[in-house]
Amino acid sequence: DAGVIQSPRHEVTEMGQEVTLRCKPISGHNSLFWYRQTMMRGLELLIYFNNNVPIDDSGMPEDRFSAKMPNASFSTLKIQPSEPRDSAVYFCASSLRNEQFFGPGTRLTVL
Amino acid sequence: QQQVKQSPQSLIVQKGGISIINCAYENTAFDYFPWYQQFPGKGPALLIAIRPDVSEKKEGRFTISFNKSAKQFSLHIMDSQPGDSATYFCAASGESGSARQLTFGSGTQLTVLP
């Protein structure tokens with residue numbers, strides 16, 4: 001199994017631009033999580049899905065952030081418009097039961 | 001009530017020494033306590049986990065000690081090696097509806113000197 005796949009691995013954009021991060025979970029996993037990691041705030045849960053349905057999006061910082069999971073094998077996290085304070089590493093993780101398997105992350109830099 | 005407090009923030013240990021990282025939680029509904037290990041440029045990966053029906057779990061050089069009454073748990077790394085240098089996160093979760101949501105500690109950056 002290839003594990004959780006995220007793309008792009010690095011993204012550099014300018015303030016105000018739209019950013020879309022992508023995630024392919026491990027086949028057969030029914031839960032998907034989006035996290036943001038920064039030095040200041042550590043690892044924060046943004047949103048999670050179960051069976052493609054958003055369960056808890058209370059961690060989404062603002063309306064500029066949105067996430068979708070149109071099918072069991074694909075999810076996106078979109079930021080529009082992006083701001084410099086959104087610069088962070090964004091992780092996607094998937095799970096079937098207890099253990100969450102993390103992807104390699106997308107390092108986002110907003111200039 | 002959802003917080004998991006982790007200490008220390010950073011830890012430096014000599015090769016062969018014992019590394020100890022501590023975590024405390026508040027929510028008594030938590031029933032699963034994993035530790036994740038993260039190397040630079042990588043995502044966190046599960047290292048070892050424990051449920052509150054046991055007080056200790058050991059896997060190789062890694063041991064979790066769990067104190068339910070104190071609502072504390074700790075990771076012990078015996079015979080620490082330079083390859084163990086990484087960031088360690090404790091976490092906790094409880095059954096919540098249809099999925100398990102992890103609450104992570106703030107992380108401990110471990111450096112093992114050769």
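Throughout, a chain's letter reflects where its sequence line sits, starting with A, and its residues are numbered from 1.
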Quick one: OH on A/Tyr35 to CZ on B/Phe104, what's the gap to the nearest 0.5 Å?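 Separation between the atoms: 4.5 Å.
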Could you tell me the separation between the CD atom of B/Gln38 and the CG atom of A/Leu43, rounded to the nearest 0.5 Å?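 Result: 7.0 Å between the selected atoms.
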Check each atom of [X] against the heavy atoms of chain B and say whether the ones under 4.5 Å are side chain, backbone, both or neither.
{"X": "A/Asp56", "result": "side chain"}
{"X": "A/Phe101", "result": "neither"}
{"X": "A/Arg9", "result": "side chain"}

Any pair with a residue in residues 16-25 of chain A that passes side chain to side chain donor-acceptor pair (under 3.5 Å), sequence neighbours left out, goes on the list, sorted by first then second residue, please.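 Listed by first then second residue: nothing to list.
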Within a strict 4.5 Å, meaning less than it, do heavy atoms of the B/Phe89 and A/Gln37 side chains meet?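 Touching, per the 4.5 Å side-chain cut-off.
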Can [Y] be reached from [X] by stepping across I, L, V, M, F, W or Y side chains whose heavy atoms are under 4.5 Å apart?
{"X": "A/Val89", "Y": "A/Phe33", "value": "yes"}
{"X": "A/Phe74", "Y": "A/Ile47", "value": "no"}
{"X": "B/Phe66", "Y": "B/Phe30", "value": "yes"}
{"X": "A/Ile55", "Y": "B/Leu102", "value": "yes"}
{"X": "A/Ile5", "Y": "A/Leu77", "value": "no"}

Take atom CD of A/Glu44 as the centre, draw a 6.0 Å sphere, and report whether it contains more than 12 heavy atoms from other residues, nucleotides or ligands.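 More than 12 heavy atoms, drawn from other residues, nucleotides or ligands, come within 6.0 Å of this atom.
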If you draw a 6.0 Å radius around CZ in B/Arg61, do more than 12 non-hydrogen atoms from other residues or ligands fall strictly inside? yes
If contact means a heavy atom pair closer than 4.5 Å, which residues of residues 9-22 of chain B contact chain A? none
Contact listing (chain A partner; residues 40-57 of chain B; heavy atom under 4.5 Å):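 Within residues 40-57 of chain B, near chain A: B/Gly41, B/Lys42, B/Gly43, B/Pro44, B/Leu46, B/Arg51.
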If I compare all heavy atoms of B/Tyr36 with all of A/Gln100, which pair ends up nearest, and what's the gap? OH-N, 3.0 Å
Using salt bridge (charged side-chain N to carboxylate O under 4.0 Å, His left out) as the criterion, list what pairs up with A/Arg64, not counting sequence neighbours.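 For A/Arg64, the residues satisfying salt bridge (charged side-chain N to carboxylate O under 4.0 Å, His left out) (neighbours in sequence not counted) are A/Glu62, A/Glu83, A/Asp86.
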